Number of protein chains: 2
Amino acid sequence: MNNLLPLPANTGPERGAEILGRIRTAFAEKGFDGSSMQDLARAAGMSVGNFYRYFPSKDAIVEAMVGYDMAEMERDFAAILESADPLTGIRAKICERLNGGCAEDGRLWAEITAAAHRKPQIARICGQMEELVAENLLTVFARLAGTSPKVVAQRYGAHARFIVMLVKAAAMRKRDAPDPDLTALILGTIETTLSEITDAARD
Amino acid sequence: MNNLLPLPANTGPERGAEILGRIRTAFAEKGFDGSSMQDLARAAGMSVGNFYRYFPSKDAIVEAMVGYDMAEMERDFAAILESADPLTGIRAKICERLNGGCAEDGRLWAEITAAAHRKPQIARICGQMEELVAENLLTVFARLAGTSPKVVAQRYGAHARFIVMLVKAAAMRKRDAPDPDLTALILGTIETTLSEITDAARD
DNA sequence: ATGGCGTGAATGAACGTTCACTCCGCGAAC
DNA sequence: GTTCGCGGAGTGAACGTTCATTCACGCCAT
């Protein structure tokens, strides 16, 4: 009668991620309430019915998407942390984001930021995401300076969150007009903040 | 037979603004696609049919709302420009925005920013809004330094846009966790940027 | 023949928008 | 002074569409 099992996403481990990747553009273009399940299913290349087998509701999609980005980010940071020069790696990642890296990410973040103001569940996972990035930044700084991560986190937590905020804000700007002067100003502020941490941590 | 005249919004000059004020909260809470015309009409205290007499479509509401904010901002700047100490006035306005000033403004901006990425019409008026604020800032700086507005605009346009971006980004953060350290960092950056302009302009 | 993957028509609610309608204040006509 | 007609303010049911979600049903490897 009722063949609906509480299976969350067991069908395939990679499958969900692949679907999210396909959906991404559609979501960025039309927004959360703007894109219908029919749209999303079509973008994922499957029928509506089957689509519901992977995501039990519309809300779940956003959560999964942020979770997906979070996992990706964690992977990136893991690679950076293992490299010889982590600070350069971070700088490169930031530059990549500022200088045109995936224009649709900005749109997506704008949508997600707006959604986070409405749905507490999304706000929560979104907060976790920013927290994770900030913590990873702090880990790099602590390792660079040889200081205890706890001390660095207490002293420079706000600096890390500031950098995250700057990158996010810069990404959310429209890409039509590149505005290199503004980008330079943002990048300069990030550099200043970075050196504020590393300089002080060196003492 | 057809009593439909092309009257856009002639019914009352202040009426539209009052309706927008009432709608504001509903819009900030549920978003553009999230709030229905029925919701908005109820928030405005009138029937759907009558509501359509003031705004011909849903899109028109957002445009009108941004226009309304723009007019308000222009009034604020006009007052600041006429005061004895414009720089202090600007600082006060910025602090007001950062330290809790109207929490729903942040939500609204998040919604509008997202909407601007979808609808070109909204992107246009939104860009005008930021441009206007930046120009007003530059006018203050030019007047303070006694320099030609054109020169100041060319040299420090990006600085003004940077400040606008910072204030906007700060306002969009969730208000649940105040994070005073981060706020201080933002405020400090704004101060630095301000003095970069005024110091250089003084020469 | 069992069970997971996949389909897409069906469903009822809710959407944006329209429209035929009521209400009321007011100046003209008587 | 009463009546009348006009037009704008206001109403809410109705319309056609689209929405999120469900479900009865194929397909195919095991």
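Since this is a predicted model, take the numbers as computed values, not measurements. Proteins get letters first, then strands, A, B, ... in listed order; numbering begins at 1 in each.
In this structure, the CZ atom of B:Phe51 is 15 Å from the P atom of D:dG12, given to the nearest Å. One interatomic measurement links the two molecules: CG of A:Asn50 to P of D:dT22, which rounds to 15 Å at whole-angstrom precision. Going from atom CG of A:Leu40 over to atom P of D:dC19 covers 10 Å, rounded to whole Å. Regarding B:Phe55, its CZ atom lies at a distance of 13 Å from the P atom of C:dT17, rounded to whole Å. C:dT7 atom P lies 15 Å from atom OH of A:Tyr52, rounded to whole Å. The distance between atom CZ of A:Arg42 and atom P of C:dG6, rounded to the nearest whole Å, is 18 Å. When the P atom of C:dC15 is taken as reference, atom CG of A:Asp33 falls 11 Å away, rounded to whole Å. Straight-line distance from the OH atom of A:Tyr54 to the C1' atom of C:dC5: 7 Å, rounded to whole Å.
Listed nucleotides: D:dA9, C:dC15, C:dG4. Nearest to the side chain of B:Arg53: D:dA9.
Distances shown here put a side-chain N or O of A:Arg15 below 4.0 Å from the OP1 or OP2 atom of C:dG6. Between B:Gln38 and the phosphate of C:dG16, there is a side-chain N or O to OP1/OP2 separation shorter than 4.0 Å. The side chain of A:Ser47 places an N or O atom within less than 4.0 Å of a non-bridging phosphate oxygen (OP1 or OP2) of C:dT7.
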Original post:
What do the steps show when you test B:Asp33 against B:Arg118 for side-chain contact (heavy atoms from CB on, under 4.5 Å), and what is the final call?
Top reply: CA-CA 12 Å; B:Asp33 291 300; B:Arg118 286 176 246 137; 3.2 Å; yes
Subject >> Worked verdict on A:Glu196 versus A:His159 for side-chain contact (heavy atoms from CB on, under 4.5 Å) >> reply: CA-CA 9 Å; A:Glu196 248 175 63; A:His159 287 69; 2.8 Å; yes
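Within a 6.0 Å radius of CD in B:Gln128, other residues, nucleotides and ligands contribute more than 12 heavy atoms.
In this structure, A:Met37 reaches the bases: a heavy-atom distance under 4.0 Å links it to at least one base atom across the strands shown.
Summary of the strand contacts: A:Lys30 and B:Val48 both lie near DNA chain D, and taking for each the nucleotide with the nearest heavy atom, the more 5' one is attributed to B:Val48.
The shortest side-chain heavy-atom distance between A:Met73 and A:Met129 falls under the 4.5 Å cut-off.
Under 4.0 Å is where a charged nitrogen must lie from a carboxylate oxygen, and between B:Glu191 and B:Arg91 at least one such pair does.
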